[in-house]
4 protein chains.
Amino acid sequence: MQFLSDNAASVHPAVWQAMQDADAPDAPYDGDAWSQRLDGAFADLFGRDCAVLWVATGTAANCLALAAMVPPHGGVICHREAHVETDEGGAPGFYTHGAKLILAEGEGAKLTPESIASVLDAIRPGVHQVQASAVTVTQASEYGRCYSAAEMSEIAAFATAHGLRLHVDGARFANAVAFLGCDPWEACAGADTLSFGFVKNGGLGAEALVFFEPALAQVARLQRKRAGHLQSKGRFLAAQILAMLKGDLWLANARSANAGARELASAAGARLRHPVEANELFLTCTADERAALRAQGFTFYDWGPHAARLITAWNSNPAHIEALARAIAAL
Amino acid sequence: MQFLSDNAASVHPAVWQAMQDADAPDAPYDGDAWSQRLDGAFADLFGRDCAVLWVATGTAANCLALAAMVPPHGGVICHREAHVETDEGGAPGFYTHGAKLILAEGEGAKLTPESIASVLDAIRPGVHQVQASAVTVTQASEYGRCYSAAEMSEIAAFATAHGLRLHVDGARFANAVAFLGCDPWEACAGADTLSFGFVKNGGLGAEALVFFEPALAQVARLQRKRAGHLQSKGRFLAAQILAMLKGDLWLANARSANAGARELASAAGARLRHPVEANELFLTCTADERAALRAQGFTFYDWGPHAARLITAWNSNPAHIEALARAIAAL
Amino acid sequence: MQFLSDNAASVHPAVWQAMQDADAPDAPYDGDAWSQRLDGAFADLFGRDCAVLWVATGTAANCLALAAMVPPHGGVICHREAHVETDEGGAPGFYTHGAKLILAEGEGAKLTPESIASVLDAIRPGVHQVQASAVTVTQASEYGRCYSAAEMSEIAAFATAHGLRLHVDGARFANAVAFLGCDPWEACAGADTLSFGFVKNGGLGAEALVFFEPALAQVARLQRKRAGHLQSKGRFLAAQILAMLKGDLWLANARSANAGARELASAAGARLRHPVEANELFLTCTADERAALRAQGFTFYDWGPHAARLITAWNSNPAHIEALARAIAAL
Amino acid sequence: MQFLSDNAASVHPAVWQAMQDADAPDAPYDGDAWSQRLDGAFADLFGRDCAVLWVATGTAANCLALAAMVPPHGGVICHREAHVETDEGGAPGFYTHGAKLILAEGEGAKLTPESIASVLDAIRPGVHQVQASAVTVTQASEYGRCYSAAEMSEIAAFATAHGLRLHVDGARFANAVAFLGCDPWEACAGADTLSFGFVKNGGLGAEALVFFEPALAQVARLQRKRAGHLQSKGRFLAAQILAMLKGDLWLANARSANAGARELASAAGARLRHPVEANELFLTCTADERAALRAQGFTFYDWGPHAARLITAWNSNPAHIEALARAIAAL
């Protein structure tokens, strides 16, 4: 009974089907019919012009986005616990050729205009300190917290006012939209770029890097090739993404994952360290309690010495969730 | 009737099957059972210890290999027409942080100890000129030419004698082994690293980066993550590769592609600009002749103003090959 | 009456003289007689083999040292307020090709084995988090605090035990040795590399990058050229450094600067925010008090809203120091 | 009797004097009065707005210029024998983060619109091949050949027409202007950036990086710091450059060096491998003949097995030149 992560879950049958439907020779790289449909499909979803590139991983999506927005001598403001800072093996430094991640604070791994301002204010203008060029926020955050439409638009307004580009790391963007119940654009309004994740939500190996500022996409297109991410059979990546968009499968899958998390949250009660909004739970529990859960067949990560992290997926088995909810309640 | 490239051909049914067999949750990244079997599978194939990493593209494989072998201030000797020089969008410069490709000559896009020596001799020792750290050769070459076991071992001996690491770009390594009829190791004997291609040979999106010098693999492992190439559902890449190795499917597919090329070569006769060894043909033909072929439904690339490039694939339709052979003979 | 910084002070007459003595044609770059004497001169000073490179700036010295010790995918532990983190315009990221500065805490901008351990312990092994390869400490620190011989050797022992290289940023190494009254080696014992500063201590534009681990020097030699820091008339840099070493001028100059700072410290009393060990003072004082000092002709930097930073130099005018001491006492 | 290079010659007395005149504390870095005068001084010289940065070496000047003009995924067209390609230890790759030097041919190490066009034409548009962003030419070239005002403006027009930035490596710009007898601007008309060399012409350690396109200068200003080239006592670099400009000392020095070369050229007659325009001579002569010259006390570099390279400097001793001319004539 797996609650380790959504990142290794099974692939949705519709994704498999779409990949196999794409298995006829077509133009290589992104010249094929599937890849060519991406811009339009996301334009429909977001209600505005988009330039969209597929890539295989969220790390590549995030870092190509940052590299398109920040010069090598620049900096990107992110939360101290953002994935780009803590879990991408230095990829942002690689893709941006050494630009600096400038760390900010914020509850629930979320930034606010105030927290961004406080790091900005500490930077002396000039050449001796790295100047910030961009901000990146995570929707939903590392703690499964979501930026409301209002919060997102405040951050976007702040960024614009300070000449900063805005990136949204949406590895779990679907879960955020499912929670917020808003229009997809509202969940990232004002962003220049969005890493729209599908792998954690039923995909196999395809994420969409969405540019709302099309001029940036051309740089990313060149750098995607330069990073060895331009797969020759790119149609299989595009087909995955299109299958996820079709009939809003992405949203249905995310709702399913979120519902599982909510069910667990109800059982966890006061153990919750963060409000559960997306599909991640952080529970206060002792080493003995974690051992007890594992003894019942549940797998999950420790989160420091006093907590556990549990993640539900698009296809988490309802029986497993129910069993885990019972087990948590019984701790 | 497609002869543009093997790089966008269909996926072999056994590869599809293996991917679907892998569609159960397992450890993410390369912690899964499939990924863990790669080292052993290639050790069996090559008869020696190997450390093997999957990556999605040949460009990533080549460049991770080079980055593990050459410091940023170093250089890599390659043929003037090598893929790393001409078709990877500057990826070698990106992965190696600016190391220099040092260009050498050689018939059929193949290097020789003499051609390597001639560029080495021209480098003044010291800090003013970039010093060579490695050599990369392509097996089969950009013109479909193969290094015999003897040629490969001469190059390896030369490299060792001059303190140079050796990489083999084997985007079409299978086609080379199929032509040479040798043991796989003989086709790359002495190499430190091999990019073993599967995408052009029936795979979907997985290449094997093979390290015969295991110490280098650890660097590549870190840099694969840093380059955003560590897919979370890596089991699907490993499964593709294992399916290709099983029962020597890689070799059967390559033999099939090579056979098609040989049939076309017989028809082409004196038009051939290079001996046909793997699955690529370069034919002298006028613009009118090319137009005539295209009018009959054959697709292929021009190769400058006076030639065409034709590539067969593992699944090239025998009827199409026969038709093209007739059409070429009739030009 | 200048107390802004020692970094723009006048050049010592002995340095001028040595430069002019070097003004005859000699071999370019570092092939000249002066440059060739550096290794020996520092070997004498430190009582052990050294490989020494001149460079024009402390930033170049620090970053060439780091680049020789850490791979692009690695990390360097430094204090949150270290110069490499706060004042080098992203140069560490440039020279190391994106390696990460990993920030640690410590009183007086000094690291301890405990503070290093606390950041090390937080890094998960594997490829997802940047692994530390080196530590850099500043002697004297950004707050003018010095590592005692015992503290230095504890840090070195810790670094060795954890497989970390050790760099000492010695922009004010002379001031530290003058304060500690120890043998120069004791002030950096166990370091692999030392940036030994002269520009702030009477030099014009030359720092010594000292390698106690000679194998590292060869990489730095190549990268110094690659960074455009190999001046063709390098003899003028070597001559400056040799002049500073001659008769321990470096130590005399540092003692003079430190003495000035001590005199001011006596006057400052409880206003001191840090013990004064080298030639820097941080004084609690209001905006009005700072305005009052400036009105009397003293120049210095604000240090946030409630403090001032004052720096003495090798040639600070005793009358100015006395005047400032009086002015501070009268606040 | 030294004819090895002008790069290690003595420093002109006026340069020494200017440096010593600058030896009073002033603002650090480039905030001092001398540095602040540079833009105006070059604006006067070139008759147009300039933004000017001092740096210590020609390699740094060239590479900061290129880095301001070309993205990491771009390319710079240069001559196969240009200094950036052959003698800067890979610095262009370092500063540009891996941009590609694209090599073109041309007599006398000079490019022409035709030679630039021939490499441009060979680049397929798209993401697979590195696209050119800039051209760099050397005035005077590695063989001491100068671009006439007409040649320079043809190249500039070609660059503009093809969307390429233009850089002039003027390590010996003074020698070129002295030969051409033209207005300084005519010798680099249309360039976006110029590395104006002084070190080979009587300076100690200062070159001027001139931006005729001021927007580029701001990037270079940030990257100069990032490369560790922002010296804290920058006034000493600015003072050198101002001294060289004063009363056109730069031109007088270059005329002197050129005159020496012309005298030797007259003696060399048919041995000359290139017309002598600046201060470099390339003479066909056997190993025995070179030994004979060396036996008479002349020092110079071999240029391959059948030639010698001789360079005169601003202060080459007239008696030495006369003696060498006689010796050459007597070979």
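Residue numbers begin at 1 in each chain, while the letters A, B, ... track the order of the sequences.
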Revision key, fill the gap. Ranking A:D87, A:V127, A:L101 by heavy-atom pairs under 4.5 Å to chain C gives rank one to A:D87

Review point. Under a 4.5 Å heavy-atom cutoff, which of C:H97, C:K100, C:H128 has the most pairs with chain A?
Key: C:H128

Exercise for review: Cation-pi check, C:R294 to C:F300: give yes when NZ or CZ is under 6.0 Å from the six-membered ring centre and within 45° of the ring axis, no otherwise.
Suggested key: yes

Review point. Any idea which of C:G89, C:G93, C:P72 has the most non-hydrogen atom pairs under 4.5 angstrom with chain A?
Key: C:G89

Check your understanding: Considering only heavy atoms, which portion of A:Q129 lies under 4.5 Å from any heavy atom of chain C: side chain, backbone, both, or neither?
Key -> both

Practice item. Identify which part of C:Q131 has an atom lying under 4.5 Å from any heavy atom of chain A, answering side chain, backbone, both or neither. Key: neither

Review point. Got A:F3 and A:T312 here, is their nearest side-chain heavy-atom distance under 4.5 Å?
Key: yes

Check your understanding: Is the cationic atom of A:R224 (NZ for Lys, CZ for Arg) positioned less than 6.0 Å from the six-membered ring centroid of A:W54 and within 45 degrees of its normal?
Key -> yes

Point to revise | The single option from C:K200, C:R172, C:R309 passing salt bridge (charged side-chain N to carboxylate O under 4.0 Å, His left out) against C:D6 | key: C:R172

Point to revise | Presence of salt bridge, A:E280 and A:R145, under 4.0 angstrom | key: no

